[in-house]
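Below is one structure, written out as structure tokens, with a few remarks after it.
For this chain, numbers begin at 1 and follow the sequence in order.
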Amino acid sequence: MDDELNVTYITLGGYVEMGKYRYLYFSIMLTVYILTICFNCTIVYLIWIHKNLHEPMYIFIAALLLNSIVYNTAITAIYPKLLIDFVSEKQRISYSACLFQCFLYYSFDGSEFLLLSVMAYDRYVSICKPLQYPTIMKKTTVCIFLALSWCLPACQIAVPVTLSVNTKLCNFTLRGIFCNNLIYKLHCLSSRVLSVYGVIVLLNVVLFPVLFILFTYTKIFIITYRSCGEVRMKVAQTCLPHLLVLINFCSLVTYDVISVKLESEFPKTVHFIMTLQVVLYHPLFNPIIYGLKMTEIYKHIKRLFCRDKPN
């Protein structure tokens, strides 16, 4: 607690060997940060300037990548704060900023699941109901889906965060390198209401969207299995990237949930390495998958970086 400013600070106690590897951590994080911004912005830019990419599927991809850009560059969000912490003598954050970081982290995570659900629905309509596609996936519908994908998780995550603002703390050391649900373990008393509400939010923004996605792609594959090989190939080209992103993201979210529940069971070094995987790996994974696997996007990337040389 800073008595002069009346600010409560939380020590981030999840770092390992900071004195020895401080600048190595900083260099790796800065490199990944720059690559993440460049990769995501490149694909968003290509989708923005090319009219043949102004279709719902590509707009949703752009929204997914924009989600990563905003999430990683927002004030007190993950990357900027980690870069500061790696070169600081003390790794700490104010309690209010920690709550805000936690809010951003889970809001954008929830948005990603809902965006992947919308993308699955878009593929289902496009493949299984092609004649109705222009009628169903109108510009207005796309805008509504995007607004709901960003607003619904934020509204749900805001409730427990707001209720925690004035909660008394009995522990001021967070066993992590950024603020997630471990922050609630700093409270003197655990709230049963918040625990139940957390389960409801988990169902709404994670489990139900994942079940919907799996159900949708199952229907797509069942229908296309009876089609010719060319149709199956086209379906695989458009659906496989979404499934790879879903599997990757589900794995990281599953680790986050397990690590919070089994906090004391994970060795500090293992927890630190796995948390870095969550931060470093996923933001780079999305643009690489969509850039390499989505044919139309890949064509524009080749034209951008591999222009034909004059004879």
Side-chain angles (χ1 to χ4, degrees), residues 1-2 5 7-40 68-106 108-109 112 164 169-187 248-288:
M1 171 79 77
D2 191 321
L5 300 175
V7 176
T8 301
Y9 284 98
I10 304 297
T11 299
L12 300 172
Y15 290 92
V16 176
E17 298 282 356
M18 283 293 288
K20 192 174 182 181
Y21 298 113
R22 178 188 310 275
Y23 296 107
L24 176 62
Y25 295 153
F26 179 84
S27 300
I28 293 172
M29 185 60 62
L30 182 61
T31 302
V32 173
Y33 186 31
I34 293 171
L35 290 176
T36 298
I37 298 301
C38 290
F39 289 177
N40 284 281
S68 294
I69 296 170
V70 176
Y71 163 60
N72 288 313
T73 58
I75 299 172
T76 73
I78 307 303
Y79 277 37
K81 184 66 175 72
L82 285 174
L83 288 170
I84 293 171
D85 285 341
F86 284 141
V87 294
S88 301
E89 289 300 321
K90 294 182 179 180
Q91 293 73 43
R92 65 178 192 168
I93 185 172
S94 69
Y95 180 59
S96 58
C98 193
L99 285 172
F100 181 58
Q101 189 181 74
C102 183
F103 167 74
L104 288 176
Y105 177 64
Y106 289 108
F108 285 112
D109 277 359
E112 183 140 351
S164 300
L169 303 182
C170 285
N171 186 5
F172 297 92
T173 301
L174 186 80
R175 197 173 183 268
I177 61 175
F178 62 85
C179 298
N180 57 7
N181 276 337
L182 286 172
I183 194 173
Y184 298 112
K185 296 199 172 186
L186 305 180
H187 297 170
N248 171 64
F249 194 55
C250 283
S251 302
L252 298 178
V253 170
T254 300
Y255 166 74
D256 180 75
V257 173
I258 293 174
S259 66
V260 170
K261 295 298 181 183
L262 303 176
E263 175 193 6
S264 60
E265 303 297 325
F266 282 93
K268 188 176 180 180
T269 303
V270 173
H271 186 69
F272 176 67
I273 293 172
M274 289 302 297
T275 305
L276 281 180
Q277 293 296 312
V278 174
V279 176
L280 297 175
Y281 180 59
H282 182 66
L284 275 177
F285 186 80
N286 286 4
I288 292 173

Output the distance between atom CZ (Phe26) and atom OG1 (Thr31), rounded to the nearest 0.5 Å. 9.5 Å

Taking atom CG of Asn286 and atom CZ of Phe39, what is their separation to the nearest 0.5 Å? 13.0 Å

Point-to-point distance, once rounded to the nearest 0.5 Å, from OG1 of Thr254 to CG of Leu252: 8.5 Å

Smallest separation among heavy atoms of Tyr95 and Ser164, with atom names: OH-O, 2.7 Å

For Cys98 and Cys179, run disulfide bond (SG atoms under 2.5 Å apart): C-alpha distance rounded to whole Å, both residues' side-chain angles, the deciding distance at 0.1 Å, then the answer. CA-CA 6 Å; Cys98 193; Cys179 298; 1.9 Å; yes

Heavy atoms only: give me the nearest Val87-Leu83 pair and the separation to one decimal. CG2-O, 3.5 Å

Got a second to check how far Ile273's CD1 is from Thr269's OG1, nearest 0.5 Å? 6.5 Å

Do Arg22 side-chain atoms and Phe86 backbone N/O form a donor-acceptor pair below 3.5 Å? yes

Can you tell me how far the CG atom of Leu99 sits from the CD1 atom of Ile93, to the nearest 0.5 Å? 9.0 Å

Could you check whether the rings of Phe272 and Tyr15 sit parallel, tilted or perpendicular, using 30° and 60° as the cut-offs? tilted

Is the ring pair Tyr25/Tyr21 parallel, tilted or perpendicular, if the boundaries are 30 and 60 degrees? tilted

Give the C-alpha distance, both sets of side-chain angles, the deciding distance and a yes or no for side-chain contact (heavy atoms from CB on, under 4.5 Å) between Phe178 and Lys81. CA-CA 8 Å; Phe178 62 85; Lys81 184 66 175 72; over 6 Å; no

Taking C-beta and beyond as the side chain, do Pro283 and Tyr33 meet within less than 4.5 Å on heavy atoms? no

Roughly how far, to the nearest 0.5 Å, is the SG atom of Cys102 from the CG atom of Asn180? 6.5 Å

Is the shortest side-chain heavy-atom distance between Gln91 and Thr11 below 4.5 Å? no

Of Ile177, Leu174, Thr173, Leu82, which meets side-chain contact (heavy atoms from CB on, under 4.5 Å) against Leu12? Leu174

